[in-house]
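Note that these values count all heavy atoms, side chains included, but never hydrogens, waters or copies made by symmetry.
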Amino acid sequence: MSGFPEFEVIPAVDVQDGEVVQLVGGERGTGKRYGDPVEAAERWIEAGARTLHLVDLDGAFEGERVNADAIEAVVEAVGGDGEDEVGLQLGGGIRTAEGARELLDLGLDRVILGTAAVETPEIVADIDETHHGSVVVSLDARDGEVVVSGWTEGTGLDPAEAAARYEELGAGAILFTNVDVEGQLAGVDREAVAGVVEAVDVPVIASGGVATVEDVVALKEAGAAAVVVGTALYEGEFTLREAQEAADGV
């Protein structure tokens with residue numbers, strides 16, 4: 001399930017301290033809480049989600065998986081095979097190939113690697129050998145530079161150049177997040193997304209700043225294969241169905 005045959009609007013289920021949280025600008029401590037992760041996941045599936053984007057926020061900051069129980073409860077509740085199978089992708093605190101394989105064997109479709117991919121690029125090829133197409137490399141950009149360790153450390157890497165590098169290593173998709181506008185309902189940076197899309201042939205999942213259905217459409221027009229939406233959906237700026245229908249109409 002590494003590709004996206006049709007453009008998808010993907011709800012975010014970001015978990016901190018066992019609860020769904022949406023951060024503002026990637027800053028720890030800025031989050032607004034939205035309740036139980038399993039309930040949120042089930043609600044988005046009922047609303048028509050075909051994929052869920054799960055993030056262990058504590059894991060992203062701490063460098064190890066902190067909300068494993070909460071995440072596994074979501075996988076157990078909504079994962080599984082069948083015609084109505086929902087795709088599940090998880091990021092946050094995944095630092096080893098062994099840990100990634102355990103998650104994929106647990107029932108996840110894709111693992112999202114950020115810090116680990118930057119610090120040890122060969123981990124992408126390592127995981128791809130046994131779980132082809134299952135690695136999504138997360139490139140989080142602030143001021144046009146890839147940042148890691150919960151968006152706290154700069155790397156000096158250009159997002160488009162980094163995306164091409166990870167495609168060569170076996171990344172099945174690229175998750176590109178503009179941290180400058182994350183969680184702020186401030187609108188999207190279409191040009192930055194288009195730059196990453198042009199650099200690779202694998203799907204690019206866009207994230208950050210989506211405030212309106214027009215933003216969703218703009219990201220599709222920029223070439224993104226999917227968009228992750230968090231705050232706008234939780235705050236009721238638009239519904240999942242409205243966003244998906246708007247994108248489908250383009």
_Walk me through whether E214 and T212 qualify under side chain to side chain donor-acceptor pair (under 3.5 Å)._
CA-CA 5 Å; E214 288 76 19; T212 65; 3.2 Å; yes

*Show your reasoning for whether side chain to side chain contact (heavy atoms under 4.5 Å, CB included) applies to V228 and I205.*
CA-CA 7 Å; V228 173; I205 308 165; 3.7 Å; yes

*Residue pair L157, R165: steps toward the side chain to side chain contact (heavy atoms under 4.5 Å, CB included) verdict*: CA-CA 11 Å; L157 296 173; R165 174 188 181 192; 4.2 Å; yes

_salt bridge (charged side-chain N to carboxylate O under 4.0 Å, His left out) evaluation trace for R241 with D248_ = CA-CA 10 Å; R241 192 171 301 279; D248 290 346; over 6 Å; no

*Going through the checks in order, is the side chain to side chain contact (heavy atoms under 4.5 Å, CB included) test met by V78 and V86?*
CA-CA 7 Å; V78 304; V86 175; 5.5 Å; no

*Start with the C-alpha gap between E221 and R190, add the side-chain angles, then the distance that decides, and say whether salt bridge (charged side-chain N to carboxylate O under 4.0 Å, His left out) holds.*
CA-CA 9 Å; E221 291 176 339; R190 177 174 170 170; 3.3 Å; yes

*Check step by step if side chain to side chain contact (heavy atoms under 4.5 Å, CB included) holds for L108 and V75.*
CA-CA 7 Å; L108 289 164; V75 176; 3.9 Å; yes

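Within the model, atoms CZ of R142 and OG1 of T177 stand 11.5 Å from one another, a figure rounded to the nearest 0.5 Å. Atoms CG and CD, from N178 and E191 in turn, are 12.0 Å apart once rounded to the nearest 0.5 Å. To the nearest 0.5 Å, the span separating OG on S134 from CD on Q89 amounts to 11.5 Å. With values rounded to the nearest 0.5 angstrom, L169 atom CG is found 11.0 Å from D126 atom CG. For the atom pair R43 CZ and D36 CG, the distance stands at 9.5 Å (nearest 0.5 Å). With values rounded to the nearest 0.5 angstrom, E161 atom CD is found 11.5 Å from L139 atom CG.
Side-chain atoms of D109 come within 3.5 Å of backbone N or O of L88 as a donor-acceptor pair. Between the side chain of E8 and the main chain of V227, no donor-acceptor pair closer than 3.5 Å is present. Looking only at distances, a side-chain donor or acceptor of T130 sits under 3.5 Å from a matching main-chain atom of I127. With hydrogens and angles ignored, the 3.5 Å screen pairs no side-chain donor or acceptor of D56 with any backbone N or O of G93. Looking at E242, its side chain does come within 3.5 Å of a backbone N or O of T239 through a donor-acceptor pair. Counting only distance, with no hydrogens or angles, the side chain of D158 and the backbone of A160 share a donor-acceptor pair below 3.5 Å. E145 places a side-chain N or O within donor-acceptor distance of the main-chain N or O of G156, the cut-off being under 3.5 Å.
More than 12 heavy-atom neighbours from other residues, nucleotides or ligands sit within 6.0 angstrom of CD on E122.
Closest heavy-atom contact between V202 and G172: CB-O, 3.7 Å. Heavy-atom minimum distance, V216 versus A247: CG1-CB, 4.1 Å. Nearest approach of G133 to D128, heavy atoms of both residues: N-OD1, 2.8 Å. Between L240 and P11, the shortest heavy-atom contact is CD2-CG, 3.9 Å. Between G209 and D215, the shortest heavy-atom contact is O-OD2, 3.8 Å. Contact between A97 and I123 at its shortest, heavy atoms only, is N-CD1, 3.5 Å.
When side chains are defined from C-beta on, V200 counts as touching V204, because their heavy atoms get closer than 4.5 Å. Counting heavy atoms from C-beta on, the side chains of H131 and D105 come closer than 4.5 Å. Residues V210 and E237 fail the side-chain proximity criterion, which asks for heavy atoms closer than 4.5 Å. The side-chain heavy atoms of F176 and S207, taken from C-beta on, include no pair separated by under 4.5 Å. Between H53 and I112 the shortest side-chain heavy-atom distance falls below 4.5 Å. For the pair I10/W44, no side-chain contact is recorded, criterion being any heavy-atom separation below 4.5 Å from C-beta on. By the 4.5 Å heavy-atom criterion applied to side chains, V55 and V15 are not counted as neighbours. Looking at I174 and V136, their side chains never come closer than 4.5 Å, going by heavy atoms from C-beta outward.
No option in V74, L52, L54, I71 other than V74 meets the side chain to side chain contact (heavy atoms under 4.5 Å, CB included) test with P37.
The aromatic rings of Y234 and Y34 sit tilted, their planes meeting at an angle between 30° and 60°.
Taking a cutoff of 4.0 Å between a charged side-chain nitrogen and a carboxylate oxygen, K32 and E235 qualify as a salt bridge.
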